[in-house]
Number of protein chains: 2
Amino acid sequence: MQDKKITDLLESFQAIGRTKNQGYTRTVYDQAWCQAQKQCVNIIKELGLVPWVDEIGNLYATADLTWPKEPVILVGSHLDTVVDGGLYDGLYGALAAVLSVSQVAKSEQRLWQPLVAVIFSEEEVSRFDATFTGSQYLLERDLKGFDALADAQGQTFGQVRQAAVAALSPFVQTASCLKIAQYLELHIEQGPILENAGTDIGIVTTIVGQERFLIQLVGQANHAGTTPMDCRDDACQQAVSLLADLYRELAQIPDLCYTIGKVQLEPNVANVIPGLVTFSLDLRHQDQLVLSEAVGVVAKLVDQYRAKLERTTAVMPTQMNMGLQGEIAEACQSVGLTHQFLPSGAGHDAQVMGEQVPTAMIFVPSVGGVSHVPDEKTTPADLENGQRVLTAVLAKLVG
Amino acid sequence: MQDKKITDLLESFQAIGRTKNQGYTRTVYDQAWCQAQKQCVNIIKELGLVPWVDEIGNLYATADLTWPKEPVILVGSHLDTVVDGGLYDGLYGALAAVLSVSQVAKSEQRLWQPLVAVIFSEEEVSRFDATFTGSQYLLERDLKGFDALADAQGQTFGQVRQAAVAALSPFVQTASCLKIAQYLELHIEQGPILENAGTDIGIVTTIVGQERFLIQLVGQANHAGTTPMDCRDDACQQAVSLLADLYRELAQIPDLCYTIGKVQLEPNVANVIPGLVTFSLDLRHQDQLVLSEAVGVVAKLVDQYRAKLERTTAVMPTQMNMGLQGEIAEACQSVGLTHQFLPSGAGHDAQVMGEQVPTAMIFVPSVGGVSHVPDEKTTPADLENGQRVLTAVLAKLVG
């Protein structure tokens, strides 16, 4: 059992939530999610650990439930996916957490601090209009609003949550909330930095802050043939000018990530002058001051064009714990792997945990830098490297 | 019966094909179209004219079917609509044609040339992927391909055409193709030029030529947070740059109408870098040389961006007959109305007819310049003005 490999564990999920596009769809509390959580329960038991679940569906694993009420070292990730996502995002870190906890528990080492793996119920906002619900629950945030949220089929978060947790409960015990001393998360990078640099392990310095907007330009729809150019109020022409200004101005801000991912015209017909253009703008930076500067640039331009600006997301950057970053760097050296420090451009449960407890993240390279797609891949060697580093860090922390 | 007004005739169509948006949908051979054509048959009979229909569903009206086989003066328009169009487009000119033919026929005047009104079966390309099918049939163009065309429900042009014509035939006689000496069409302007200038009547000089393209930029879809700016191949950023260049370069060409009406991104999600952008470009000008110059500018820019260019429409400009333009100007003076010459930015049946026979178009002002929408409107005074001018021109031509 000690010889179980992370690649074997991942392989046992290849049929759960598989889509016709050869991707994976496991949204929180759906059938594939339930099947995957049950599979995790089996793995936890096979590895000689004790599983339990909480009211929101977070699944935990530890060697011994009889420890005193002292703060635990928590390690984990999630197994819900985006629609048609890949095999590795979330699931890799969740399974590695369970495997590393079992390896540390089975070693000769005396554990001075309790060690718990967590598989968070939801991180991907794929089914309900709420994200990080698992980690927010664990931190006892106010979640009153979640239960009333409805999915696209009109089912509420509360209904499907209760059914899913009830379906899991025969296998597990319930437990009250944990006190958490530190949180660690292992994840695929989802970007090209480690692969391009040829580095084995990434140590996350910061999870970037994010500001997301919808920007709308209102013109007047009209006939493309009969409306002379000087009589037009063309929302597309205005939008192109604003977009070009945005791309140019935002490019001046070092290390800012800016993305216009969604553009919608009305009526969006070849021979009609567009009357309305709405587009999204996603801004990310690890420094809140720089992010705020970027928002200022956007607001000023949008104002010049008399466009409408609606903020849809605002998340502050989250600093990872310096001490834990050092522990990870030492662990990399101890197992003979190269490492580099880098920010995370994507959100993670570590972002929520990091606001309240010392938190760190370990990245492994993504082939081609792609993620959230069926093609998402990390090599077996890199998968094993990441899990070895995680075990080494946990062994050090509990020792 | 002689006192029948064009406004009364239009009013009798207010319930036919009415939509929940207070617009009108009558696509060729559908139920509303059949009802409208039958209503026209009733009006033709009430006005003392003889109706007949041909194999494609064009409806004709004349005072006397016994004339010799000499070329006729034809006047008309269509009554099919775009989806959720207005009351006036096409229908106004069709009803005015019937009314004017009856007025000339009932006058004391001796008709030296036969006069025929036509209500073309289809002009708006709303149901099948073919346009001007009525006027093309009349000119004996090769229409073999039409019958096999399928609509969105899978019904073929041939099937629904035969059923619709059969449903009309109890009311009408069939007739072989006409020889046409001249063609006239009265239509709402669909633009703001006459209203802005305060002119009663517009005389069309040219129906503009049209070139329509789809332009596609291929990038690489990727995560908006984890893909550094210098590792991106962002199709939207490329498209904005190309669009800005197109707007700037095309603005240098005098009197060119250029419209980007449709833009589609893939996957079109706020936090994903777009991998593909496709947009339409509609170019119109009355001078084919200038239109060709514009196409050259587009091709050069598209090439610079390594984008894909697909031509979807290419229509040459159609000159209106100079002599007929003069007759219309004289008729305006004779009834005390102001006029101005202008090109038509929209396509019309006169575009097809004008390629083979001397053709002219009369425009009346559109309130606010809008058309192809439920709000489309022309004032009762302008509706009557246009019809009076048409009657005066016809009386002159047959005299």
Side-chain angles (χ1 to χ4, degrees), chain A residues 189-193 196 208 210 212 214 220-229 231-232 234 236-237 239-241 243-244 246-247 251 255-265 267-274 277 279-282 284 312-313 344-347 366 369-373, chain B residues 189-193 196 208 210 212 214 220-229 231-232 234 236-237 239-241 243-244 246-247 251 255-265 267-274 277 279-282 284 312-313 344-347 366 369-373:
Chain A
E189 183 199 336
Q190 306 182 257
I193 296 172
N196 288 350
V208 299
Q210 200 181 135
R212 205 178 290 167
L214 281 179
Q220 173 65 54
N222 222 328
H223 194 294
T226 60
T227 314
M229 295 310 291
C231 296
R232 293 180 179 211
D234 183 336
C236 184
Q237 189 159 8
V240 165
S241 183
L243 284 164
L246 281 169
Y247 278 126
D255 297 325
L256 180 77
C257 273
Y258 47 93
T259 306
I260 287 119
K262 192 171 184 177
V263 179
Q264 280 178 318
L265 273 64
N268 208 33
V269 171
N271 61 351
V272 179
I273 300 162
V277 176
F279 65 87
S280 65
L281 175 63
D282 177 297
R284 306 192 194 204
T312 55
T313 303
S344 167
S366 291
V370 299
S371 69
H372 284 189
V373 290
Chain B
E189 183 199 336
Q190 308 182 254
I193 296 172
N196 287 350
V208 298
Q210 199 181 138
R212 204 178 292 167
L214 282 178
Q220 172 65 53
N222 222 328
H223 194 294
T226 59
T227 315
M229 296 309 292
C231 296
R232 294 180 179 212
D234 183 336
C236 183
Q237 188 159 8
V240 166
S241 183
L243 284 163
L246 281 169
Y247 278 125
D255 297 324
L256 181 77
C257 273
Y258 48 93
T259 305
I260 287 119
K262 191 172 184 175
V263 179
Q264 280 178 317
L265 275 63
N268 208 33
V269 171
N271 61 351
V272 178
I273 300 161
V277 176
F279 63 89
S280 64
L281 175 64
D282 178 296
R284 306 194 194 201
T312 55
T313 303
S344 168
S366 291
V370 299
S371 68
H372 284 189
V373 289

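All values reported here derive from a predicted model rather than from experimental measurement. Residue numbers begin at 1 in each chain, while the letters A, B, ... track the order of the sequences.
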Q: Mind ranking B:V240, B:V277, B:D234 by heavy-atom pairs under 4.5 Å with chain A and telling me who comes out on top?
A: B:V240
(Q) Can you tell me which portion of B:N196 sits under 4.5 Å from chain A's heavy atoms? Options are side chain, backbone, both or neither. (A) side chain
Q | B:T226, part contacting chain A, at a heavy-atom distance under 4.5 Å | A | both
Q: With a 4.5 angstrom heavy-atom cut-off, could you sort out which part of B:N222 is near chain A: side chain, backbone, both or neither?
A: side chain
(Q) With a 4.5 angstrom heavy-atom cut-off, is it the side chain or the backbone of B:L256 that approaches chain A, or both, or neither? (A) backbone
Q: For chain A, find which of B:P274, B:S366, B:A221 contributes the most heavy-atom pairs closer than 4.5 angstrom.
A: B:P274
Q.
I need the residue from B:A270, B:A239, B:A251, B:P267 with the largest number of non-hydrogen atom pairs under 4.5 Å to chain A.
A. B:A270
Q: Give, as side chain, backbone, both or neither, the part of B:L265 having an atom under 4.5 angstrom from any heavy atom of chain A.
A: side chain
(Q) Using heavy-atom distances under 4.5 Å, tell me whether B:V272 contacts chain A through its side chain, its backbone, both, or neither. (A) backbone
Q.
Please classify the contact of A:T259 with chain B as side chain, backbone, both or neither, using a heavy-atom distance under 4.5 Å.
A. both
Q.
Tell me if a side-chain donor or acceptor on B:N268 pairs with a main-chain N or O of A:V263 at a distance below 3.5 Å.
A. yes
**Q.** Nearest heavy-atom neighbours spanning B:S371 and A:H223
**A.** OG-CD2, 3.7 Å
Q: Heavy-atom pairs under 4.5 Å with chain A are the metric here; pick the option from B:V370, B:T312, B:N271, B:T227 that has the most.
A: B:N271
Q: Sort B:V269 into side chain, backbone, both or neither according to what part of it lies under 4.5 angstrom from a heavy atom of chain A.
A: backbone
Q) Where on B:Y258 is there a heavy atom nearer than 4.5 Å to chain A: the side chain, the backbone, both, or neither? A) both
(Q) If I compare all heavy atoms of A:M229 with all of B:C257, which pair ends up nearest, and what's the gap? (A) SD-CA, 3.7 Å
Q | Heavy-atom proximity to chain A below 4.5 Å, by part of B:C236 | A | both
Q: Side chain from CB out, backbone as N, CA, C, O: work out which of these in B:Q264 comes under 4.5 Å of a heavy atom of chain A, or both, or neither.
A: side chain
Q.
The test is side-chain contact (heavy atoms from CB on, under 4.5 Å); show your working for B:I260 and A:Q237 and say whether it passes.
A. CA-CA 8 Å; B:I260 287 119; A:Q237 189 159 8; over 6 Å; no
(Q) Quick check for you: among B:G191, B:A244, B:A224, which has the greatest number of heavy-atom pairs under 4.5 Å with chain A? (A) B:A224
Q: Sequence neighbours left out, what passes salt bridge (Lys or Arg N to Asp or Glu O under 4.0 Å) with A:R232? Give chain and number order.
A: none
